[in-house]
Amino acid sequence: MTTLNRRSLLGGGAALLAAPAIAPNALGQPKYPARPMQLLCPWAAGGGTDAVARIVAALLEKELGQPVNVVNRTGGSGVVGHAAIAQSPPDGYTLGIITSEICMLHWQGLTEVTYRNFTPLGLMNNDPPGIQVNVASPYKDAKQLAEAIKASTPGKMKASGTGQGGIWHLALAGWLGAMGLKADHVRWVPSNGAAPAMQDLAAGGLDFTTCSVPEARAMLDAGRCRSLAVMAPKRLDTFPNIPTLQEAMGIDFTTGAMRVIVGPAGLPEAVKAAIEPALGRIYQSKDYQDFLAARGFGGVYADAAGAGKALAEADASLGEAMKAAGLAKA
């Protein structure tokens, strides 16, 4: 799995912070942006990606002086929203937030859209998955849950967190593989993001979820669910009481989901020159850092070039992981 290096990703941030956010058109035309914009989100309202999209949109609105409206385009395990972003006019008035799933969907043969169909503008965060159960679950730690999974007949237990073959599905497959089980030993129930999956878990429709802990936070804070472990190299600063898989059961398996602000391919240089440095300033702002800390989101940033490199590396590594897990068709 690809591990994003925080120091190398942050390296390109300093130079772009000093750049102007809005550049006048050299021909005397109205400067960009001259009207309201929209930011498409491929996942449901209330989830982690939606939360990042909304804080970025609010701060981008302050940076650019135009309204930035978040529009959720869900469906097809993320295919609908990602395709909508890719197919938008490359005029800078429709941007989007893409997730690690864009480096996975085409490997399953679900779409022809890949990371190459976008203009990367900024990587805004990266989150590891956690393992959540209903508060009434008999499993008090990850080891107990793992033992129950091993003892169950294939397909009896159910889990969710995102669409079929998405990053949280691959997190489950990787965990099962690390335990010596097949990727489909637990039945995956596709959802339009972590928020509906956590609602299903709280209602008793699932045995567990493998979405990020910040995405599960509403149900955790409400006392309706519990998080047993996190698939990260170390404990999360905001959730210090949740052990890593290594601590919980001696399994050294880690992964994560990134969120990248993009435009469709062919975005004009003038648009990139306005958006990229604005995203850099947003990431460094107190508002955004407070948001990350409050939510427990992983604080990782990369400029346009760094985001493009991270997407390319993730596409290659996730493709190999999906092939190994039997989830790839392409």
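For clarity, every value in this text was computed on a predicted model and none was experimentally measured. Any value given below was found using the heavy atoms of this structure, including those in side chains, with hydrogens, waters and symmetry copies removed.
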**Study point:** Result of checking Val213, Ile242, Leu228, Leu206 against Gln132 for side chain to side chain contact (heavy atoms under 4.5 Å, CB included)
**Key:** Val213
Answer whether the closest heavy-atom distance between the side chains of [X] and [Y] falls below 4.5 Å.
{"X": "Met258", "Y": "Leu311", "result": "yes"}
{"X": "Val271", "Y": "Pro33", "result": "no"}
{"X": "Thr111", "Y": "Ile102", "result": "no"}
{"X": "Leu145", "Y": "Met249", "result": "no"}
{"X": "Leu110", "Y": "Lys329", "result": "no"}
{"X": "Val260", "Y": "Tyr115", "result": "no"}
{"X": "Ile97", "Y": "Ile261", "result": "yes"}

Name each donor-acceptor pair under 3.5 Å that joins a side chain in residues 51-61 to protein atoms two or more places apart or in another chain, with its distance.
| residue | atom | partner | partner atom | Å |
| --- | --- | --- | --- | --- |
| Arg54 | NE | Asp50 | OD1 | 2.9 |
| Arg54 | NE | Asp50 | OD2 | 3.1 |
| Arg54 | NH2 | Asp50 | OD1 | 3.3 |
| Arg54 | NH2 | Asn72 | OD1 | 2.9 |
| Glu61 | OE1 | Val68 | N | 3.1 |

Donor-acceptor pair, distance only, cut-off 3.5 Å: does the side chain of [X] make one with the backbone of [Y]?
{"X": "Glu63", "Y": "Ala278", "result": "no"}
{"X": "Asp252", "Y": "Gln246", "result": "no"}
{"X": "Tyr283", "Y": "Gly299", "result": "yes"}

Review point. Crowded around Lys140 NZ? As in, over 12 foreign heavy atoms under 6.0 Å?
Key: yes
Review point. Taking only residues two or more places apart in sequence or in another chain, which ones pass side chain to side chain contact (heavy atoms under 4.5 Å, CB included) with Pro36?
Key: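 Here the qualifying residues are Gln66, Pro67.
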Exercise for review: Would you please name every residue forming a side chain to side chain contact (heavy atoms under 4.5 Å, CB included) with Arg235, sequence neighbours left out?
Suggested key: Pro243, Thr244, Glu247
Distance from [X] atom [atom1] to [Y] atom [atom2], nearest 0.5 Å?
{"X": "Ile131", "Y": "Phe208", "atom1": "CD1", "atom2": "CZ", "result": "7.0 Å"}
{"X": "Leu181", "Y": "Ser152", "atom1": "CG", "atom2": "OG", "result": "8.0 Å"}
{"X": "Phe118", "Y": "Arg116", "atom1": "CZ", "atom2": "CZ", "result": "12.5 Å"}
{"X": "Cys103", "Y": "Ile98", "atom1": "SG", "atom2": "CD1", "result": "7.0 Å"}

N/O donor to acceptor pairs below 3.5 angstrom from side-chain atoms of residues 160-172, sequence neighbours left out:
| residue | atom | partner | partner atom | Å |
| --- | --- | --- | --- | --- |
| Ser160 | OG | Val189 | O | 2.5 |
| Ser160 | OG | Ser191 | OG | 3.4 |
| Thr162 | OG1 | Glu101 | OE2 | 3.3 |
| Trp168 | NE1 | Glu215 | OE1 | 3.1 |
| His169 | ND1 | Gly165 | N | 2.7 |

Check your understanding: In the single-linkage hydrophobic clustering (I, L, V, M, F, W, Y; side-chain heavy atoms under 4.5 Å), do Phe253 and Met322 co-cluster?
Key -> yes
Check your understanding: Are Phe291 and Ile282 connected in the hydrophobic side-chain network, where two residues link if heavy atoms are under 4.5 Å apart?
Key ->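 Yes, one cluster joins them.
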Practice item. Only pairs at least two apart or in different chains count here, so list each ring pair (Phe, Tyr, Trp, His ring centres under 6.0 Å) that has a residue in residues 63-93. Key: Tyr32-Tyr93
Exercise for review: Would you mind checking if Asp127 and Arg259 are paired as a salt bridge, meaning a charged N to carboxylate O distance below 4.0 Å?
Suggested key: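 Salt bridge between Arg259 and Asp127, a charged N being under 4.0 Å from a carboxylate O: yes.
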**Study point:** Glu269 bridged to Lys272 by N-O distance under 4.0 Å
**Key:** yes
Point to revise | Pairing residues for Gln38 by the side-chain hydrogen bond (donor to acceptor under 3.5 Å, both in side chains) criterion, not counting sequence neighbours | key: Thr94
Point to revise | Any donor-acceptor N or O pair under 3.5 Å, side chains Trp175, Thr210 | key: no
